[in-house]
Amino acid sequence: MFRSMMLRFVLPVALASCVVAYFGLPYIERLLAEWFRSDVELRAQLVMHSVEEPITDLVEFGTDVRLRAYLTKLAADERLLAILVCRPNGTTIFRSDRTPSTIACDPEGISDPARSRILQLPSGSVQVSRFDFDGAQPKPFRVLMLHDLSFVDRRQRTARDFVLVFVGISILLLALLIVLVAWLQLRRWVEVLLGDIRGKRFHDDAQSPRLSLPILSQVREVLAEAEEKQRLEIDFRENWTPQALQQVVHDHLDSAQVIIVSNREPYIHSFDAHRRAFWQVPASGMVTALEPVMRACSGVWVAHGAGSADHETVDRYDRIRVPPDDPSYTLRRVWLSPEQEQGYYYGFSNEGLWPLCHLAYVRPAFRASDWRAYEEVNTKFSEVVAVESGTESPVILIQDFHFALLPQLLRQRIPKATIALFWHIPWPNAETFGVCPWKRQVLTHMLSADILGFHTRYHCQNFLDTVDRFVECQIDREHMTVTLQGRICRVAPYPISIEWPPRWLARLPDVATCRTTVHERYGIGADVIIGLGVERWDFTKGIIERFQALEVLLDNDPKHRGRISLLQIAAPSRGQLPAYQALQQQTYDEVERINSKFTQGEWRPIVLIDEQQEPLRVFELYRAADFCLVNSLHDGMNLVAKEFVAARDDEDGVLILSTFAGASRELPEAVLINPFDVSETANAMEIAMRMGREERRNRMSLMRRTVKENNVYRWAGRMLMDAARIRQRQSLPSTVRRFGTFGR
Ligand code: GDG
């Protein structure tokens, strides 16, 4: 920078100086010559005055010898080149020895009216001064005095050289000084600006009062505007589409490779009874959200190959292009041994972390062997991701609690990767998390990510409190960052969502037709109100509490008997675990008990479908239902609530929603309930049945707008934009990066 500034400053200054010297020097030379000549002229007059009398006497009365002796002595002066004494007619009275041959007492030259003139002789320039003595004299004569002016040229040359050297050195010193001051000043500005950019202090009234120069204020203003524009673009963009997401990856991430890592794969291949392979989309909120994102971004999805036909459908690199009906990205399957799956998935993830993070009062189980399997599988996934990573700085989006160790393991293998870990389930308070025997390992490994995402700000705060309690690090609660061993991790809420519009809708008929089909398929009378439940068969979803609420409703008000049926889709999940087996058994028992208590004729209060359904069917059910019951005891977000809203383009249907589901923060227009209070849930069902068409439409249209605007492309877009900003900051030169204050 210094060298380029030297060139930029010194060259123009030197050029300007040359121009000044070119025009200024001749003027100075002329001035000096004029001074010297008038000095010589004065000198000549002075000499003449002092010798006027003796010369007159000698010319008039003296002899030639005396005149010659006197004038020869006078002409011996170094500056006085020659003296000539002439008669007006041109006769020479005296001519000193050094008189140049071209100078003579000719009457023409003598009659020159000028008193003094400069002559250019081969030996150099001379000044000729003429003094006439022709007043009252009987014998008039003239004296020509020749002064050597060659010294004027010499002095002019010396003076010019001196001026040139002096000006040259001054310019150089001045330029050096200017450059030094400017360089120091610029360096300071850059440092302050970088600090401002990292700390996002774009306003002069913010915490950066150190320099208040106008230029800095202007730059800060521009940055603030850009930041605000970007924020508005993201926060108020109503039309987040797959194309907008692709644009983000292209423009802001320079088309970086996007890798998703999750336990559950987006497409599972299984064998049917005739050993023919078929594929299914698993019942998983994570897959529901991430699959459209991956279709928009392409890239690679790394996941556990859990299907019975998964092995047979991949190529020799364990890869398969998906979606099977319209391939747009690569699924890389990872194989786990039954022991690994048992310890890592069923054990530490689902018997340890899942109940630990959900306040559903199921006690977490922690076993050392499970933890070892968890470490082993996380390491295995890190190896596979490193192989799949085609560049040295991919964007890696890790999904969920199955991979808490992956950020650090990946950081070791791909140091320049941008790593985000999204936690799809709630994060408990510090005290609750403290029961995990490997809490410190889990937390420090997670903090190697650049971004840690949760559904809600409340979960972020819980996480920061937990880190504060168990890890030695710096926490900036204002900017939501944690600095551990010099690495900054941003902790932020990214409320997850679904694609808009859901692609299945295009393949479904209108609501009335869906209602008829569903009523007929499940043997539900045409006049019976359908309350719908759709979930993975999980103890956090409040399925038993839902049945009990229905029982309370039917007990309290017998007129509802025969009028309402609860249609429950329970997609089997984690069926190997005792807690889930117990839940399934309890579900069957409760359905049996309640149905036998109230069944009248064809009517059954509960219709249980204990098999996973095709997504198209799930959306058909949403369209057919009168109300949808989401009474999770605890849920990170809950996408069923959002899917129900998205499916209702007729702006009808009522959503009953648990306040312990993250979705309740975004959908306050739902009928909100405390799922632990079965009477309240029963009351909400009654409200849903009685609610007028106008109110249903108003509530539904507000919720639809929210889900449309906050769709999954926006969720991914915000996270990827944050990843892009982190990459930009990391690409700043390290020499100046240390002055930054972001994430102090
Ligand atoms: C976790 C968090 C968070 C259900 N049954 C079937 C089926 N499903 C689909 C639904 C929905 C998804 O599964 C369930 O999503 P959720 O959000 O309710 O729940 P989790 O699977 O527990 O997901 C949760 C989510 O991650 C996202 O971050 O919201 O809080 O627990 O899409 O439609 N799909 C099919 N057949 C079924 O029978 N095809």
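Order of listing sets the numbers, starting from 1, for every ligand and every atom in it. Computation of the quantities below employed the complete heavy-atom set of this structure, encompassing side-chain atoms and omitting hydrogens, waters and symmetry-equivalent molecules.
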Using a 4.0 Å heavy-atom cut-off, say whether V618 meets ligand 1 through its side chain, its backbone, both or neither.
side chain
Run down the list V281, I498, T540, L639 and name the one with the heavy atom closest to atom 17 (O) of ligand 1.
L639
Sub-3.5 Å N/O-N/O distance, G285 and ligand 1
yes
Residue-ligand contact H455/ligand 1, heavy atom below 4.0 Å
yes
Using the ring centroid of each side chain, check whether W335 and H311 are separated by less than 6.0 Å.
yes
Taking non-hydrogen atoms only, is S284 closer than 4.0 angstrom to ligand 1 via side chain, backbone, both or neither?
backbone
Using a 4.0 Å heavy-atom cut-off, which part of D538 comes near ligand 1: side chain, backbone, both, or neither?
neither
Among non-hydrogen protein atoms, atom 7 (C) of ligand 1 lies closest to A283 CB, 3.4 Å
Taking the ring of F381 and the ring of F403, is the distance between their centroids below 6.0 Å?
yes
For R696, give me all partners under side-chain hydrogen bond (donor to acceptor under 3.5 Å, both in side chains), at least two apart in sequence or on another chain.
D652
Identify, for atom 28 (O) of ligand 1, the protein heavy atom at the shortest distance, and state residue, atom and that distance.
H424 ND1, 2.5 Å
Is the shortest N/O to N/O distance between M637 and ligand 1 below 3.5 Å?
yes
Does a donor on one side chain sit under 3.5 Å from an acceptor on the other, for N638 and D635?
yes
Students often mix this up, so state it plainly: with edges at 30° and 60°, are the rings of H358 and H634 parallel, tilted or perpendicular?
perpendicular
Compute the minimum heavy-atom distance from K541 to ligand 1 and say whether it is under 4.0 Å.
yes
SB check D722 R490 (cutoff 4.0 Å)
yes
Pick from F401, Y345, F348, W438: which one makes a ring pair (Phe, Tyr, Trp, His ring centres under 6.0 Å) with Y374?
F348
Flag I496 as yes when one of its N or O atoms lies below 3.5 Å from any N or O atom of ligand 1, and as no otherwise.
no
Is the closest N or O pair between G636 and ligand 1 shorter than 3.5 Å?
yes
Heavy atom of Y622 under 4.0 Å from ligand 1?
yes
Heavy-atom contacts under 4.0 Å between R617 and ligand 1: side chain, backbone, both, or neither?
neither
Can you pull out the closest protein heavy atom to atom 30 (O) of ligand 1? Residue, atom name and distance to 0.1 Å, please.
D635 OD1, 2.5 Å
Value rounded to 0.5 Å, distance of OG1 in T313 from CD1 in I268
11.0 Å
Which word best sums up how the rings of W301 and Y329 line up, parallel for under 30°, tilted for 30 to 60°, or perpendicular for over 60°?
parallel
Would you call the rings of H455 and H424 parallel, tilted or perpendicular if under 30° counts as parallel and over 60° as perpendicular?
perpendicular
Ring centroid separation for W279 and Y267, is it under 6.0 angstrom?
yes
Based purely on interatomic distance, does W354 place a nitrogen or oxygen under 3.5 Å from a nitrogen or oxygen of ligand 1?
no
Please confirm whether E611 comes within less than 3.5 Å of ligand 1 when only nitrogen or oxygen atoms on both sides are compared.
no
What protein heavy atom sits nearest atom 10 (C) of ligand 1, and how far off is it?
E643 OE1, 3.4 Å
Nearest neighbour in protein (non-hydrogen) for atom 39 (N) of ligand 1:
Q613 O, 2.9 Å
Looking only at heavy atoms, is any part of N638 under 4.0 Å from ligand 1, and if so is it the side chain, the backbone, or both, or is it neither?
both
When you compare the side chains of Y580 and R574, does any donor N or O come within less than 3.5 Å of an acceptor on the partner?
yes
Centre-to-centre under 6.0 Å for W371 and F366, is that the case here?
no
Is it the side chain, the backbone, both or neither of V534 that has a heavy atom closer than 4.0 Å to ligand 1?
side chain
